[in-house]
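Just so we're on the same page: letters track the sequence lines, and every chain starts at 1.
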Number of protein chains: 2
Amino acid sequence: MLPRRKNQVEEPPEQCPLGECLSVIGGTWTPNIIWYLSEHPRRFSELKDDIPGISAKMLTSRLRKLEADGVVERRVEPTSPPSVEYRLTDLGQELKPAIDAIVSVGHRLKERRAEGD
Amino acid sequence: MLPRRKNQVEEPPEQCPLGECLSVIGGTWTPNIIWYLSEHPRRFSELKDDIPGISAKMLTSRLRKLEADGVVERRVEPTSPPSVEYRLTDLGQELKPAIDAIVSVGHRLKERRAEGD
DNA sequence: CCGTATCCCCGCTGATACTG
DNA sequence: CAGTATCAGCGGGGATACGG
């Protein structure tokens, strides 16, 4: 039988660029990574240690995507034990207000639920 | 007048409640739905028409989840042609700053890419 | 008009083992 | 230390058909 080909749905014209930003910060671990990097640059293992539960694979995956999105810069220190530092780019810094806003409302959501909404 | 908010103390080693909020606005269509409802209440068909490409299934699914999250209220008008109106709750309104911040940075991401990033 | 039910693809994510 | 490779599972999301 013929392999059923998924209908190619054309991208819906986004009225507002919400998808643009959420495709950047929308992953499971991504916002946490950005949040930690927004404080200061960190090395791979530091991030892995700061974010309990994340696997090396996912951390790599997310960092690579963030690099591709131009929000994170990867800097290799050619020391004898190799060390790689990640930091937010200028563009990445612009995500901070959005992250902060999300954190803020996130707190209220938790409070609301704690109150037995 | 708003009651004075809790002091923003720095978060303990606990992770920031990004997931709390992103689990609410993190769906593919969810932010758009919230965005449109933040302007004014809309009916089911209006939303479906305003958001090109969304299926009834997803619209229902997202609206039900937003209801469960307490950010959207469903109001049935018992008219002869049945009509259902959705609107943001008070809690839902609190998401607007986050949405706005995301929209804002979303614009910059688009601009940045348009510049031949 | 306002949904529900079903099927199915595919990308995200985890676990584990391996490399420079 | 900083990753890569591979297998496997789950759940989001789309298409279609049907119900109130």
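Rounding to whole angstrom units, CE of residue A:Met58 and P of C:dG14 are separated by 6 Å. In this structure, CD1 of B:Ile33 is placed 10 Å from P of D:dG13, rounded to the nearest angstrom. B:Leu59 places its CG atom 10 Å from the C1' atom of C:dG3, with the value rounded to the nearest Å. As a whole-Å value, the separation of B:Arg42 CZ from C:dC2 C1' is 18 Å. Here the P atom of nucleotide C:dC1 and the CD atom of B:Glu46 are 11 Å apart, to the nearest Å. Between the C1' atom of C:dC2 and the CD atom of B:Glu85 lies a distance of 14 Å, rounded to the nearest Å. Rounded to an integer number of Å, the gap from B:Arg75 CZ to C:dC2 C1' is 18 Å. A:Arg62 has its CZ atom 16 Å from the C1' atom of D:dG3, to the nearest Å.
Pairing each heavy atom of A:Phe44 with each of A:Leu59, the nearest pair is O-CD2, 3.6 Å. Here the shortest heavy-atom pairing between A:Pro31 and A:Thr28 reads CD-O, 4.1 Å. What you find for B:Ser23 and B:Lys65 is that their closest heavy atoms are O-NZ, 2.7 Å. For B:Leu37 against B:Tyr86, the heavy-atom pair with the smallest separation is CD2-O, 3.4 Å.
Residue A:Arg64 has a polar side-chain atom (N or O) positioned under 4.0 Å from OP1 or OP2 of D:dG3. OP1 or OP2 of D:dG13 sits under 4.0 Å from a side-chain N or O of B:Thr28. In terms of phosphate contacts, A:Ser45 brings a side-chain nitrogen or oxygen within less than 4.0 Å of OP1 or OP2 of D:dA2. Contact check, A:Arg43 against D:dA2: a side-chain N or O comes under 4.0 Å of OP1 or OP2. Contact check, A:Thr60 against D:dA2: no side-chain N or O comes under 4.0 Å of OP1 or OP2. Between B:Tyr86 and C:dG3, a side-chain N or O to OP1/OP2 separation shorter than 4.0 Å is present.
A distance-only check finds no donor-acceptor pair linking the side chain of A:Ser104 to the backbone of A:Ala101 [under 3.5 Å]. B:Thr30 places no side-chain N or O within donor-acceptor distance of the main-chain N or O of B:Gly26, the cut-off being under 3.5 Å.
Set against C:dG14, D:dG3, C:dG3, the side chain of A:Ala56 has D:dG3 as its closest nucleotide. Looking at the side chain of B:Trp29, the nearest of the listed nucleotides C:dT13, D:dG13, D:dG3 is D:dG13.
Rounded to 10 degrees, the angle separating the terminal axes of the helix from C:dC1-D:dG20 to C:dG20-D:dC1 is 50°, with each axis obtained from five end pairs.
Between B:Ile99 and B:Ser38, the closest side-chain pair of non-hydrogen atoms is not below 4.5 Å.
Residue-level contact check: B:Ser83 touches the backbone only, with heavy atoms under 4.0 Å from sugar-phosphate atoms and none from bases.
Here the rule is side chain to side chain contact (heavy atoms under 4.5 Å, CB included) with A:Glu73, and of A:Arg87, A:Glu85, A:Glu67 only A:Arg87 fits it.
The residue among A:Lys57 and A:Pro82 whose nearest nucleotide of DNA chain C is located toward the 5' end is A:Lys57.
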